[in-house]
S.K.: 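Please see the structure below; I have some questions.
Each chain gets a letter, A, B and so on, in the order its sequence line appears, and its residues count up from 1.
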There are 2 protein chains.
Amino acid sequence: MPVTIRDVARASGVHISTVSRTFSAPHLVNPETRVRVLACAEDLGYRPNRAARALITGRTHNIGLIIADIANPFFPPLIKAAESQARHRDYHVFVADTNEDAAAEEELVHALAKQVDGVLLCSPRMSNSLIEQLSREVPLVVVNRQLAGLPCVLMDVGQGARSAIEHLAGLGHREIALLGGPRGSWTSREIRRAAGAAARTAGAELTVLGPNPPTEHGGLAQAEQVRRAGVSAVLAYNDLMAIGLLEGLDALGVAVPQEVSVVGVDDISLSRLTRPKLTTVATPTAAAGRTAVDMLLQHDTDLPRTGRAGGAGTTVGVRRTTAQVMLQTELVIRDSTGPGPYAGRERPGATAEGPGPHRRADPGGPRVAAGDVVAS
Amino acid sequence: MPVTIRDVARASGVHISTVSRTFSAPHLVNPETRVRVLACAEDLGYRPNRAARALITGRTHNIGLIIADIANPFFPPLIKAAESQARHRDYHVFVADTNEDAAAEEELVHALAKQVDGVLLCSPRMSNSLIEQLSREVPLVVVNRQLAGLPCVLMDVGQGARSAIEHLAGLGHREIALLGGPRGSWTSREIRRAAGAAARTAGAELTVLGPNPPTEHGGLAQAEQVRRAGVSAVLAYNDLMAIGLLEGLDALGVAVPQEVSVVGVDDISLSRLTRPKLTTVATPTAAAGRTAVDMLLQHDTDLPRTGRAGGAGTTVGVRRTTAQVMLQTELVIRDSTGPGPYAGRERPGATAEGPGPHRRADPGGPRVAAGDVVAS
DNA sequence: TTGAAAGCGCTAACAC
DNA sequence: GTGTTAGCGCTTTCAA
C-alpha cells in the first residue's frame, strides 16, 4: 500500500536510481526528468522512507532527547525549543523520560543509539565516567552538566546563586539556608559551591539542607527544618522547591517575606503566579534547548556513518568539537524577598547591592544574552 | 564500528539467521545454541537494529505523539504517561509540537507515517474530515476529539462543565460568563454546549466570551470584558485562562471570589498554587495518555505491515477497532468560588447543590474512575 | 545524464 | 534445529 521509490520510477518511466537522485542529489539529474519525477512523486504522495535511507547512509535524521522528568515544568520549554529547532533542520525527535533514574538513562541511550544521529542528555543523573563511555556509542550533547571533552550546554547558575546571595545579604540577611537539589545534579553542586563562596564573602552563614527531590514536595518537606534552623532567608535549588517551601511556611504561619525571604532558581512560568510572587534566578531554558540541538547538528555532515562511504573498517573522521556554552542567568526580583534582621546596618565587605545582573520584576520579553563560548 | 548480526554470528559460529531467531523467535532455537549466541551478543554489546528490522517486518516499534503545545502545562503529564506506557511495551516515542497549527499537524502525520506504527493526535485543530483521511495513511488515536469511526479518548468535560455551572448556580450565581477556548477545539465546543444547557436548567444566563487562545494571556485579556459583562461568575475553558483571568481581575481590583467567582478546567498542578486556589474541573490527563497508547497498541499484532506476509498487493486485514473511551472528570472545589448575589434565595429548578461528582479540595491520590467504553 | 548491480542489517520462507 | 536464499526501500559506485 505505501508508495515506494519503485512506484514513482514506474510512473515516470525512469530507473529507481534516477528517482533516488531526484531527491538526494537533484543537480545530478536532467531538469526535465526531474520535473517529471517530482510530478509523479507528488501525484502518488511519495515520501522517501527515512529508515531505509538510514540503513545505507548511516544517518537517521532523528535525535533523542533524554529528560529527567517531563512533568517538571522546567523541561517543557526546553523540549519545545529543541524539538522546534530540530524540525527546522528536518530532524525528528524521540523523547524519553527517565524519572530521575540513572539506570534508565543508560538503558535509553543504548536503546536509542541505533535510531538516532545523536542524543541530548538533559540534567543527567549518571556519573561522568558513564556519560563519557556512552558518548563513544553515539554523539552526545549534555545539558546542565560540565564534562571535559564533551559538548555541554550550561546555564550559569553559579553566577545566579551568587547574585541571589548578594541580593539577600544586601537586604540584611546573615543566616541563610540552601535547599539542596538531588544527588548527582551538577546544577545543585554548582549552586552550593557558588552560594557558599558568596555567603563567605558577604559575611553571611549558609546552612545546607538536603539533598532533596527537586519537587514541590521536596520544598514543602523542609519547611519545618527551615523554621528550626532559625534562618531569615532561603535559596532553593529550583522554583518548584521554593514554591513548595512557600506553601509549607504558609501552613506553619511563617510570613514571607516578612519573616523569611525565599529565592528560587529557573523562573518557571508559575513563579509569577504564587503569592507572594517568587524572586528567582531566571534560567534560559529555551535557548539551552535550541543551542544543544545546534551543537549536536553542527556538522551534520560529519556525524558518524555506518555506510560504505567511510571505507571498510575505517573509523570515519568524526570531527567532534567539544565546545562548551555557558548561558547567562539573571536574578529576577519579585515579592518573596524583603528586608532581613540586619537591614540598614553596616555589613562586612561588599557594597549596598552586589554586582551581577539583577532586575526588578517582569515582563516576558527575551532575557537571554548570547552564550559565551567558554572553551572549544 | 556498530556491531551487527553478522559479528554475533561469526563470534558464536552460527549462521546469521540463527542469531536472528535467537532474538525474534527464541523458541525455535536449540537452548544451548541460544545461550551461546546470547552470550556473544551480550559480550559484543549487540542490539538488533530496529530500523533494519522494520524494513522487513513493517513494524517500527515507534509511535508518534502530536501535541498542540508542549509548553501548555496540560500536556506534559499526558506526554509523560504516554511515553512511559509506550516504553513498557517496548515502543519509542516521537514527540512533535504543532504550535496549535492545523497545517503543521497534517504535515507531521505525513512526515512521521513511515517511521511509526501509529500516531496519537492530542487535541487536534484539524478538521474531522482531514483526520479521517490521514487515518488511512497511518493508524490514529485521537485524544480530546470525538470522531465517528476512529478510536478516541475523551474526557467528559461536558459533565464537568455541568457540575461547574450547577456549583455556581447553587452558590447563587445567575449571570455567568464562559471564556471560550480556541477555534477548532472539540473540548471548547463541548464545554459550551453543556454549560449552556446546564445554565438554562438552572435558570442562569450564560454569556460566551471568545474564542480565545488557551493561554494565561487569553484569560488576562478578557478580564476587562468580564467586568463589563457584569457577571458574578466565570467558567474558563482551561486553568491557564482561569489563572490569567485571576491576575487580570486582581489588577482591576476585582476581588475573587467576593465579587466574581472563577472556575477552570484541567486541574493542572499550578491550580493549587494560585491565591485564591482555583476551583476547577479535574481532567484525567495521565490516564488519557496511557489509555490512548493502549488503544493504539491494542492489537499490536495486526497493525499494518508492509512486509511480504500480506501477500503481494493484498491489503492486510487491519482489524481496527474504533472504541471510544470517555474518562470521568470531577469538580474540585477550592477557594476561587463563593456565594453569589442570589445566595440563600430560592432558585428556579434544581436542588441546593446539583448532582455530579464534586469534591472539596485535595490531596493528590488517583481521582480517575475507569473509563466507560461508549462504543466499539 | 541514466541504468545496472551491489548491499545497508535484518527477517522469513524454504530446504536440509 | 540450522543454513540458504531472497528481498524490505533505498543509495551509491561503476559503466555505458
S.K.: For A/R47 and D/dC10, what is the distance between atoms CZ and P respectively, to the nearest whole Å?
M.R.: 13 Å
S.K.: How many Å lie between CZ on A/R53 and P on D/dT12, as a whole number?
M.R.: 9 Å
S.K.: Rounding to a whole Å, what distance do you find between A/H15:NE2 and D/dC14:C1'?
M.R.: 13 Å
S.K.: Under 4.0 Å, heavy atoms only, any strand: does B/F23 hit a base, just the sugar-phosphate, or nothing?
M.R.: nothing
S.K.: Measuring to OP1 and OP2 of D/dG3, would you say a side-chain N or O of B/T18 lies under 4.0 angstrom away?
M.R.: yes
S.K.: Within the structure shown, what part of the strands sits under 4.0 Å from A/V14 by heavy-atom distance: base, sugar-phosphate, or nothing?
M.R.: sugar-phosphate
S.K.: Between D/dT4, D/dC8, D/dC10, which one does the side chain of A/I5 approach most closely?
M.R.: D/dC10
S.K.: When you match B/L28 and A/R50 each to their closest nucleotide on DNA chain D, which lands nearer the 5' end?
M.R.: B/L28
S.K.: Check the orientation of B/H61 and B/Y91. Use parallel for under 30°, tilted for 30 to 60°, and perpendicular for over 60°.
M.R.: parallel
S.K.: If you check every side-chain atom of B/S17, which of C/dT11, D/dC10, D/dT4 has the closest atom?
M.R.: D/dT4
S.K.: Please confirm whether the shortest side-chain N or O distance from A/T57 to OP1 or OP2 of C/dC8 is below 4.0 Å.
M.R.: no
S.K.: Hey, what do you get for CG (A/L55) to CZ (A/R50), rounding to the nearest 0.5 Å?
M.R.: 15.5 Å
S.K.: Classify the ring geometry of A/F94 against B/F94: parallel below 30°, tilted from 30° to 60°, perpendicular beyond 60°.
M.R.: parallel
S.K.: The side chain of A/S20 lies closest to which of these nucleotides: D/dT12, D/dC8, D/dG1?
M.R.: D/dT12
S.K.: Using atom types as modelled and distance alone, determine if a side-chain donor or acceptor of B/T22 lies under 3.5 Å from a backbone N or O of B/T18.
M.R.: yes
S.K.: More than 12 heavy atoms of other residues, nucleotides or ligands under 6.0 Å from NE2 of A/H88: is that the case?
M.R.: no
S.K.: Which of the following nucleotides, C/dA5, D/dC10, D/dC14, is nearest to the side chain of A/R21?
M.R.: D/dC14
S.K.: Is any side-chain N of the basic residue among A/E83 and A/R87 closer than 4.0 Å to the acidic one's carboxylate O?
M.R.: yes
S.K.: In terms of side-chain heavy atoms of A/V29, which of C/dT2, D/dT12, D/dT4 is nearest?
M.R.: C/dT2
S.K.: Output the rounded distance in Å from CD1 (B/I56) to C1' (C/dA13).
M.R.: 10 Å
S.K.: OP1 or OP2 of C/dG9 sitting under 4.0 Å from any side-chain N/O of B/T4?
M.R.: no
S.K.: Just how far, in rounded Å, is P of C/dG9 from OH of B/Y46?
M.R.: 10 Å
S.K.: In this structure, how many angstroms lie between the P atom of C/dG3 and the CZ atom of A/R10, rounded?
M.R.: 15 Å
S.K.: In whole angstrom, give the distance that lies between atom CZ of B/R59 and atom P of C/dA12.
M.R.: 11 Å
S.K.: Taking the minimum atom-to-atom distance to the side chain of A/I16, which one of C/dA4, D/dC8, D/dC10 wins?
M.R.: D/dC10
S.K.: Heavy atoms from C-beta onward define the side chain here; which of C/dG9, C/dG3, D/dC10 lies closest to that of B/L55?
M.R.: C/dG9
S.K.: Side chain of A/A52: nearest nucleotide among C/dT11, D/dC10, C/dA4?
M.R.: D/dC10
S.K.: Between C/dC8 atom P and B/N49 atom CG, what is the distance in whole Å?
M.R.: 12 Å
